[in-house]
Every structure is written in C-alpha cells, then in structure tokens.
Amino acid sequence: MKKLVLGGLLLLFTSTNILGQNVAQKIEPETWATNPKITLLDNKYAKDPAVVILDKRRVEFIDEGKDEINEYVTLHKIIHINDDRGIESLNKIYLGISEKSDIVEIKARTILANGKVVELDKNYIKDVQEEDGNTYKIFAMEGLEKGCDMEYYYTFKRSASFFGREVVQSVYPQIQTKFELIGPQRLKFDVKTYNFNTPIIDTVLNDKRIKQFTYNGTPGADEEKYANYHANLQRIEYKLSYNKSNPDAGRLYTWDQLANRIYSIYIVTTEREKAQVSDLVTANGWDKLPNEVSKIVTVENYLKTKFAYNENLSSEDANSLDQVLNNKVGGTIGTLHLYAAIFEKLDIKFQFVFTGDRDKYLIDKDFENWNNCENPLFYFPNENKFLTPTRPDFRYPWIIPSWGGTTGLFCKPIPIGSKTTQIAEIRNIDLEPYNSSRQDIDSKIEFSQNLDSLVIDARHIFKGYPAVSFRYAANFANEEQKTNIIKEFAKSYSSSENIVFSEILNPEFDKSSSNEPIIMHIKTKSGELIEQAGNKLLFKIGMVIGPQVEMYQEKKRQEPIDMDFPHVEERKIELVIPKGYKISNLNDLKIDQTYTENGHITMGFVSDYQLKGNILTVHIMEQYCNVFYPKSQFEQFKKIINASSDFNKVVLVLEKKQG
C-alpha cells in the first residue's frame with residue numbers, strides 16, 4: 001500500500017500541518033549496563049535453546065527542522081543461551097535495515113559465565129543483498145557459549161511513516177517486553193496490541209508525547225501445522241490519528257479517507273484517455289458481449305495476455321493510462337487504472353478492494369493501519385465475485401487464497417449530486433465454495449503378466465484454487481522443467497519414474513473462469529509398490545494417493561486451524577485382481593472419520609470399496625468444507641488428517657485361491 005498512497009500521505013501532511021516546527025529535537029539515547037551480570041533463569045526455561053531476557057523497542061518521530069520530520073527506530077535485546085541449538089540459531093544477527101536507512105548506532109556484546117565481556121568488532125558488520133534488491137546488515141556474535149548472555153542494540157533513521165507494526169514474539173520465551181512510541185506533543189498516535197492484552201500508558205514529558213507499556217511472560221511460539229504462525233504472533237500496530245496543532249482536521253488517516261484517495265488515483269481519467277479506452281473496447285467488440293460475466297472474463301484474458309504487469313514500475317508517467325496503452329506494461333497504479341477505465345466504459349459495476357494477507361496480518365475495522373492494505377482486487381457486486389488484476393496466473397473468480405478468508409477494505413461509491421464519494425466498508429472476503437476446489441485422482445491399475453510390476457494409469461484432476469499452480473507451470477515452465485514436474489509427480493504417486501505416457505489437458509488460463517479442470521494424465525510402470533512374501537503378493541495400494549500429512553502432536557494445540565482454502569479430495573482406484581488371486585484383508589480399506597455440525601459434514605475422510613468379479617473399486621472422499629476450525633475441534637481434525645495417513649500405509653495381501 002505504501003506505493004499506492006504515498007501521494008495521499010504527502011497531501012495529508014500538508015493539509016494537517018504535521019511537518020516539523022522550527023526547533024529541532026533530540027532522540028532518546030539507548031544505553032546498557034556498565035557492569036553486566038549473567039542472568040540466572042528459573043528451571044522452567046532449562047529445556048529452551050535460548051530465552052529472551054529483554055525485548056525493548058522504541059519508535060521515535062523527531063522534528064529536524066521546519067520542513068522535516070524523521071523516524072528513529074531502536075531495538076535492544078538481551079538473550080540467554082542454554083545450548084548448542086541456541087548458539088547455532090543466534091550466532092548471526094540480521095538487522096532489518098536497508099541501505100536506504102541511516103544507521104545511528106550499533107552495539108553488541110557477549111557476557112560469558114566467568115564474567116568476561118566480548119564486545120562487537122564493527123569490522124564484522126557485513127552487507128548482504130537480498131532478493132528484493134536491497135542491501136541489509138548482518139553481524140556475527142563472537143564468543144557464544146552455553147550459559148552466556150548476548151546483548152545488542154541498534155538505532156537507525158528513516159523517512160517518517162505514520163503507520164507501523166512490531167512483532168514482539170518469537171520461537172523463544174520472552175521474560176520482558178518493552179515498547180515506546182515517542183513523538184512531538186502535537187501528534188497523537190493510537191497503539192493497539194494483537195494476540196495479547198496489556199495497558200498502554202500515555203504521557204507527555206519535555207514536549208514529547210509517549211505511549212509505552214511493559215509486558216512480562218511471553219511464551220515461545222511453536223510453529224504448528226495448519227496454522228497461521230506469523231498472524232498469530234503477538235504484535236503491536238500504531239498509526240497517527242490526531243494533530244493537536246490543527247484540531248479542525250479531525251481524525252487523520254481514516255478508512256473513508258483512504259477509500260477516497262484510492263478512488264482519486266484509479267478512476268479519474270482525461271477525455272483523451274476515455275477516448276483511447278473507448279476505441280479499445282469497440283475494436284475488441286467487448287460492448288457486444290451478452291452479459292457482465294463474459295465481459296469481465298474476456299477483458300481480463302485480453303489484458304493478461306496482451307499487457308504485462310511490473311510491480312517495480314512506480315513513476316507517475318509510466319503509470320499514466322496513455323503510456324500503459326502505448327507500452328503494453330503498467331505498474332500497480334497503471335494496471336488498476338486500465339481495468340477500471342474499461343469496466344466503467346462497459347458499465348460494469350465494481351468496487352476497489354484492498355486486502356491484507358491472513359498468513360501475516362489483518363485489516364481491522366477499528367484500527368486504521370493503512371499499511372495492511374497491500375493487495376488489490378476488483379469486486380463485482382452483481383456477481384459477488386473477485387478479480388486479481390496484478391497476478392497473471394489467477395483468473396476470475398479465483399484469488400490468492402490468503403487474500404480471502406479475511407477482511408478487506410471495500411471502496412463503495414456513493415453518488416452525491418454530480419459527484420461521487422467513497423464509503424469504506426471493512427468486511428469479509430469470501431473464498432469460493434469448498435466443492436469447487438478439487439484435487440481428485442482417477443486411477444486404473446493392472447498387474448503385469450509375470451506379477452512383478454504394475455501399470456498405473458492415473459488422471460490427477462485439479463479444479464479451483466489447486467489448479468492455479470499447475471496451470472502456471474504448464475504455461476511458463478520450459479520443456480525440461482515440465483519433464484521434471486511430471487517425473488516428480490509420477491514418483492510421488494507410483495514410486496517410479498518409468499513413465500509410459502504423459503499429457504497435460506486443459507492447461508489454458510482462460511479455462512479457469514469456467515473451472516474446467518487441468519488434468520495431469522500419467523501412465524507409469526512400477527515394481528516398487530509390490531513385494532513377494534512367499535506365495536503372497538503385497539500391494540502398497542495406499543501409496544497410490546501420494547504422500548499424506550501426519551499429525552501426532554504431543555504438545556497442547558495453541559492456535560485454531562487454517563486450511564488455506566476449503567476443498568475436496570476424491571479418489572477412485574480401480575484394481576484388476578490377477579486371475580487366481582483373492583485379497584484377504586479388504587476391510588483394511590474401510591476408514592470412516594467425519595465431523596458433523598448441524599446435520600452437515602464439515603470435514604471428513606471416508607474410504608470404502610466394491611468388489612465385482614476381479615475388479616476392486618476403492619472410493620475415497622476427503623473434504624474440508626471450512627477455511628477455519630476452532631481449537632475445540634482439533635482432536636477430531638487430527639483424527640481425519642491421520643486417517644488419510646493411515647490409508648497411505650494400507651498394504652493389500654493377495655493370496656492364491658484354493659482349489
């Protein structure tokens with residue numbers, strides 16, 4: 001969202017007199033103990049690799065002249081090391097400071113059990129370039145050993161952003177957490193904690209307004225399967241809400257203000273631009289299409305085929321509609337502007353929607369952190385469906401699953417006379433129904449004539465959300481990559497790379513909107529699923545459904561269950577039993593684990609079989625109808641997940657018939 005609303009922020013800076021006064025201020029300096037002592041921990045922490053004694057954070061906004069306000073961020077940590085695992089994970093400290101930030105101070109030291117103190121040699125601070133192109137700082141902690149304390153703090157300066165987030169929980173238990181938000185007295189920030197509660201003290205001292213809290217006893221957070229680890233960590237969010245020097249401005253950075261800023265960026269077009277869009281619509285005959293859905297789908301397929309999206313394209317000129325149409329490429333602003341102009345010309349009712357990512361954070365109706373509105377969507381009220389304009393691999397109505405199942409900012413247009421204003425609505429972004437997303441298998445299996453191998457003819461059928469990644473690979477992977485994908489697939493479901501035949505059906509992106517399945521049809525010859533045991537044949541039929549997740553969790557479940565997206569996995573396995581053989585343990589194929597609410601199955605794994613002559617047909621229905629399940633249902637959820645793993649281990653015993 002930072003790229004999208006920067007112009008709006010600058011506008012609000014000017015209109016609300018946020019910028020600095022004539023008198024420059026000084027930041028609060030960070031210090032550490034002159035004679036540090038080793039921390040003595042309670043025995044309850046003995047099994048933890050490390051324990052955070054102190055996590056102290058300070059965010060300070062400073063007037064540095066009449067027309068300049070900057071932000072200083074300080075992080076101070078003291079960590080006790082218990083064992084080799086702690087040493088290995090903490091011997092390098094990664095600073096989240098880009099080359100665009102100015103380092104004010106870095107200090108670090110190790111306090112050994114014998115009282116010796118080893119301070120950081122600043123020559124060991126290195127620059128590391130990451131995938132985003134930015135350069136960050138990293139340094140090694142010297143002399144770490146079991147039973148020592150490590151301590152470091154750093155302060156860096158950056159351009160002021162009046163929205164922020166600090167995550168204050170990690171895998172290690174934390175004894176004390178401190179947070180301070182400091183700014184000029186005229187600026188009033190709101191601070192909110194997530195996933196924990198603690199009183200926040202608001203004071204004014206020496207012309208500075210201070211928000212602060214101290215919180216004791218943060219547990220370590222273990223990563224759990226089917227849980228949003230980062231979203232569930234304890235965190236602090238803050239935003240500027242009032243400027244006392246301009247009380248008439250009222251509350252700053254509201255959701256309605258953001259909605260109107262979005263509208264002004266993406267809707268307003270010149271007469272020349274309107275004419276260009278009109279010509280594009282007429283030339284392609286979009287106005288002659290029979291209904292709204294066909295227009296949406298056709299426009300999207302055209303733009304995602306003929307135009308490119310470049311998220312790093314941020315200049316105003318490059319994102320002008322004129323340049324986007326001429327160059328066939330746009331950044332976020334230019335791309336959304338083009339879609340919106342076409343939809344307006346076609347009289348398609350739509351709303352801009354901005355969403356967070358439920359794997360990381362949410363959009364809170366009661367706390368206007370604009371930075372959480374990072375991902376753009378179009379919403380079509382008549383269809384109650386969404387479109388993802390900046391992702392060429394997703395097509396209407398499919399969106400990135402983690403952008404849904406959470407709240408979003410809906411910009412709802414309201415006509416007022418000859419003008420239009422925007423009302424912000426924070427509401428849920430629903431994912432598509434569970435039965436429209438499928439990962440199915442239709443497999444036919446026969447033994448070879450000498451019974452030492454199997455021919456497995458399998459069709460892997462993907463619809464809805466699971467289909468996206470396979471269509472992406474089918475369209476953008478080179479031939480070598482496609483061959484490797486098919487080999488890995490064959491190996492996962494037949495334990496063999498001996499591929500007799502393969503094909504990919506319906507790979508085209510434009511088949512997504514009608515939810516035609518993409519099908520991986522692979523025929524393999526495998527001897528790995530058969531074993532001879534005397535006069536018996538052992539067939540590992542469970543492996544035909546591929547690897548399955550196991551959940552054998554000893555620790556108490558901490559978080560609710562998140563399924564990424566609701567879906568169905570239906571498998572049909574048809575086995576031709578060799579002449580003269582029978583199966584002695586057919587009932588091992590029967591598993592029934594379901595959970596029912598209000599008379600409806602909300603999750604389940606059911607497998608059963610039919611035997612007609614020498615044809616064994618196994619049917620498996622696994623389904624998860626909801627995105628979320630509460631912790632109270634975890635034990636049943638675990639049984640269902642483990643039921644698929646139990647089936648994966650089923651081995652059929654084939655014996656020769658008597659007589």
Side-chain angles (χ1 to χ4, degrees), residues 4 255 258-260 262-263 265-269 277-278 280-281 284-305 307 309 330 332-356 363 373-415 420-433 436-437 463-465 467-468 509-516 565:
L4 308 183
W255 289 132
L258 178 56
N260 279 283
I262 289 169
Y263 184 82
I265 293 172
Y266 300 124
I267 285 294
V268 178
T269 54
V277 169
S278 180
L280 182 64
V281 168
N284 286 283
W286 296 333
D287 52 337
K288 301 294 193 296
L289 292 171
N291 54 58
E292 186 170 272
V293 171
S294 63
K295 291 175 182 178
I296 294 167
V297 169
T298 305
V299 168
E300 180 187 30
N301 285 330
Y302 178 88
L303 293 182
K304 289 185 176 179
T305 303
F307 287 72
Y309 167 70
T332 301
I333 290 175
T335 298
L336 268 68
H337 197 173
L338 178 57
Y339 273 93
I342 293 172
F343 291 150
E344 281 209 315
K345 178 60 182 176
L346 292 171
D347 198 27
I348 295 173
K349 289 182 170 54
F350 68 89
Q351 295 176 19
F352 293 111
V353 177
F354 283 83
T355 177
I363 294 175
C373 299
E374 289 194 336
N375 306 309
L377 299 170
F378 282 97
Y379 172 66
F380 303 97
N382 291 342
E383 317 302 332
N384 194 27
K385 304 285 186 184
F386 297 89
L387 182 152
T388 312
T390 58
R391 287 291 298 264
D393 47 340
F394 283 83
R395 300 298 170 93
Y396 171 96
W398 308 102
I399 66 173
I400 296 174
S402 62
W403 292 10
T406 185
T407 49
L409 170 72
F410 289 69
C411 305
K412 184 176 181 180
I414 303 294
T420 299
T421 190
Q422 299 288 307
I423 300 296
E425 292 184 347
I426 307 300
R427 51 192 177 89
N428 202 54
I429 298 171
D430 295 325
L431 294 177
E432 291 297 300
S436 61
S437 289
K463 298 179 69 175
Y465 298 110
V468 174
F509 280 122
D510 60 8
K511 293 188 176 180
S512 300
S513 295
S514 57
N515 207 15
E516 291 185 54
F565 50 84

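Computation of the quantities below employed the complete heavy-atom set of this structure, encompassing side-chain atoms and omitting hydrogens, waters and symmetry-equivalent molecules.
The aromatic rings of Tyr379 and Phe386 are tilted relative to each other, their planes meeting at an angle between 30° and 60°.
Across all non-hydrogen atoms, the minimal contact from Asn428 to Phe410 is O-CZ, 3.9 Å. For the residue pair Phe380 and Leu387, the shortest heavy atom distance occurs at CE1-CB, 3.7 Å. Across all non-hydrogen atoms, the minimal contact from Ile265 to His337 is O-ND1, 4.3 Å. The two residues Glu300 and Ser513 come nearest to each other via the heavy atoms OE1-OG, 4.5 Å. Of all heavy-atom pairs between Pro376 and Thr390, the closest is CG-CG2, 3.9 Å. Considering every non-hydrogen atom in both Ile363 and Gly356, the closest pair reads CD1-N, 3.6 Å.
Distance check, rounded to the nearest 0.5 Å: CD of Glu292 to CG of Asn382 gives 4.5 Å. Separation of atoms CG (Asp510) and CD (Glu516) is listed at 8.5 Å; rounding is to 0.5 Å. Residue Leu280 holds its CG atom at 11.5 Å from NZ of Lys345, rounded to the nearest 0.5 Å. Within the model, atoms CD1 of Ile342 and CG of Asp287 stand 12.0 Å from one another, a figure rounded to the nearest 0.5 Å.
In terms of the ring-ring contact (aromatic ring centres under 6.0 Å, His included) criterion, residue partners of Phe378 (sequence neighbours excluded) are, by chain and number, Tyr339, Phe343, Phe350, Phe352. Looking at residues two or more places apart in sequence or on another chain, you find no side chain to side chain donor-acceptor pair (under 3.5 Å) involving Gln351.
Put simply, the side chain of Lys304 never gets that close to the backbone of Pro389: no donor and acceptor are under 3.5 Å apart.
For Asn291, the CG atom is densely surrounded, since the number of other residues' heavy atoms within 6.0 Å is greater than 12.
Each of Thr355, Val353, Ile262 was checked for a side chain to side chain contact (heavy atoms under 4.5 Å, CB included) with Leu409, and the lone residue meeting it is Ile262. Residue Arg395 is tested with Asn515, Thr388, Asn301 for a side chain to side chain donor-acceptor pair (under 3.5 Å); the sole match is Asn301.
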(Q) Applying side-chain contact (heavy atoms from CB on, under 4.5 Å) to Tyr302 and Val299, what does each step give before you reach the verdict? (A) CA-CA 5 Å; Tyr302 178 88; Val299 168; 5.8 Å; no
Q | From CA spacing to verdict: side chain to side chain donor-acceptor pair (under 3.5 Å), Ser436, Tyr465 | A | CA-CA 8 Å; Ser436 61; Tyr465 298 110; over 6 Å; no
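Counting only residues at least two apart or in different chains, side chain to side chain donor-acceptor pair (under 3.5 Å) contacts with residues 397-411 comprise Asp357-Ser402.
A donor-acceptor contact closer than 3.5 angstrom links the side chains of Tyr309 and Thr332.
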